[in-house]
A.B. asks: 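Would you mind keeping the following structure in view while I ask a few things?
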Amino acid sequence: MTDAFEIRFLLVIRESKSLLEASRKLGLTPSAVTQRLQQMEKKLDVRLLDRSARQLRFTDEGELLCVRGAELLQQFDALLEDLHQRRRGFVGKLKINAPFGFGRQYVAPAVAAFKSLHPEVEIALTLSDQPMVEASDRFDVVIHIGQLAVSNLVCRTLAPNRRFICASPAFIARHGLLDSPEQLAHQPC
């Protein structure tokens, strides 16, 4: 069996006017090119090239190997390019769970923008009023607002979430001004 490297080697010889020119293109000595060619012929048990002092002529078998080998190399190179493209881009499925309001306002537009940049990614966005209550292991990303109980999840803060305590003037007149959020637990609210 001949490998892609040997086929490329043979194609350089085919594109050259002589073994000397091929050796220059390959960066090898003329004797190294001749030896390698002889090794290929021995391995395949077929003569690939008729060599004379004036010209190189491929045998029918050598020509067949060049033509079909070039086709295979094109397919192989295209396959490698597809693999490289996939590695440069994102592919696969991404499952996201987020709270309703935050999800609609911030996550859904971000998902749409991401999808337009990476169309090969299949995205499943689930909006829930309690995203952490659902089985978090079903999702790749879970967006949670508030303190996270002890968890084995990897957590990242996306943005600060400031909260304000508001009360009507009548409530403050009846119950007084609160100094901390903890005091809310003792209020009728």
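Quick caveat: nothing in here was measured; it's all calculated off a predicted structure.
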A.B. asks: Taking all non-hydrogen atoms of both residues, which atom of Ala22 and which atom of Val12 are closest, and how far apart?
C.D. replies: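 In this case the closest contact between Ala22 and Val12 is O-CG1, 4.2 Å.
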A.B. asks: Do you know which two heavy atoms are closest between Val33 and Phe9, and how far apart they sit?
C.D. replies: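 Residues Val33 and Phe9, closest heavy atoms: O-CZ, 3.6 Å.
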A.B. asks: If only atom types and distance count, is the side chain of Glu41 paired as donor or acceptor with the main-chain N or O of Leu48 below 3.5 Å?
C.D. replies: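 A pair under 3.5 Å: yes.
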A.B. asks: With a 4.5 Å cut-off on side-chain heavy-atom distances among I, L, V, M, F, W and Y, is there a chain of contacts connecting Ile13 to Leu72?
C.D. replies: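 Ile13 does not cluster with Leu72.
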A.B. asks: Determine, using the 4.5 Å side-chain heavy-atom cutoff (strictly less than), whether Leu184 and Ile172 are members of one ILVMFWY cluster.
C.D. replies: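 Different hydrophobic clusters.
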A.B. asks: Hey, is Asp77 close enough to Arg8 for a salt bridge, meaning N to O under 4.0 Å?
C.D. replies: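 Yes.
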A.B. asks: Glu21 vs Glu15, test: side chain to side chain contact (heavy atoms under 4.5 Å, CB included). Steps then yes/no.
C.D. replies: CA-CA 9 Å; Glu21 183 183 327; Glu15 295 166 359; over 6 Å; no
A.B. asks: Count I, L, V, M, F, W, Y as connected when their side-chain heavy atoms are under 4.5 Å apart, and connections chain through other members. Are Val46 and Leu64 then in the same cluster?
C.D. replies: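 Val46 and Leu64: separate clusters.
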A.B. asks: Using the side-chain contact (heavy atoms from CB on, under 4.5 Å) definition, which of the options Val141, Ile96, Asn97 pairs with Leu125?
C.D. replies: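 Going through Val141, Ile96, Asn97 one by one, the side-chain contact (heavy atoms from CB on, under 4.5 Å) with Leu125 is satisfied by Ile96 alone.
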A.B. asks: Check Leu127 against Gly103 and note the closest heavy-atom contact, atom names and distance.
C.D. replies: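 For Leu127 versus Gly103, the nearest heavy atoms are CD2-CA, 3.6 Å.
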A.B. asks: Taking Ser16 for the side chain and Leu19 for the main chain, is one N or O donor matched with an acceptor at less than 3.5 Å?
C.D. replies: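 It does not hold such a pair.
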A.B. asks: With clusters defined by side-chain heavy atoms of hydrophobic residues (ILVMFWY) lying less than 4.5 Å apart, directly or transitively, does Ile145 cluster with Leu158?
C.D. replies: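 Both belong to a single hydrophobic cluster.
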A.B. asks: Salt bridge check, Glu6 against Arg36: does any charged N sit closer than 4.0 Å to a carboxylate O?
C.D. replies: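 Result for this pair is no, no salt bridge flagged.
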A.B. asks: Can you tell me how far NZ of Lys42 sits from CG of Leu37, rounded to the nearest 0.5 angstrom?
C.D. replies: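 Between atom CG of Leu37 and atom NZ of Lys42 there are 14.0 Å.
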A.B. asks: Starting at CD1 of Ile7, measure out to CZ of Phe76 and round the result to the nearest 0.5 Å.
C.D. replies: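 Ile7 atom CD1 to Phe76 atom CZ measures 10.5 Å (nearest 0.5 Å).
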A.B. asks: Gln187 side chain to Leu178 main-chain N or O, any donor-acceptor pair under 3.5 Å?
C.D. replies: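 Here the side-chain-to-backbone pair does not exist.
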A.B. asks: Rounded at 0.5 Å granularity, tell me how far CZ in Arg14 sits from CG in Leu49.
C.D. replies: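 Going from the CZ atom of Arg14 to the CG atom of Leu49 covers 11.5 Å.
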A.B. asks: Hydrophobic clusters here meaning ILVMFWY residues chained together by side-chain heavy-atom distances under 4.5 Å, can you tell me if Val111 and Phe100 are in one?
C.D. replies: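 Linked, Val111 and Phe100 end up in one cluster.
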A.B. asks: Looking at Leu10 and Gly62, what are the two nearest heavy atoms and their distance?
C.D. replies: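 It is CD2-O, 4.4 Å.
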A.B. asks: Can you find a pair of side-chain heavy atoms, one from Lys95 and one from Lys93, that are under 4.5 Å apart?
C.D. replies: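 Sidechains of Lys93 and Lys95: in contact.
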A.B. asks: Quick one: closest heavy-atom pair of Phe139 and Thr126, and the distance?
C.D. replies: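 The answer is CE2-OG1, 3.6 Å.
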A.B. asks: Taking the basic N atoms (NZ, or NE/NH1/NH2) and the acidic carboxylate oxygens, is any pair closer than 4.0 Å for Asp50 and Arg47?
C.D. replies: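 Yes, this pair counts.
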A.B. asks: Enter the distance from Leu177:CG to Gln183:CD here, rounded to the nearest 0.5 Å.
C.D. replies: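 Reported value, rounded in 0.5 Å steps: 9.0 Å.
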A.B. asks: Determine the minimum heavy-atom distance between Leu11 and Cys66, stating which atoms define it.
C.D. replies: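 The answer is CD2-O, 3.6 Å.
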A.B. asks: Quick check for you: to the nearest 0.5 Å, what is the distance between Arg57 atom CZ and Glu63 atom CD?
C.D. replies: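 Separation between the atoms: 10.0 Å.
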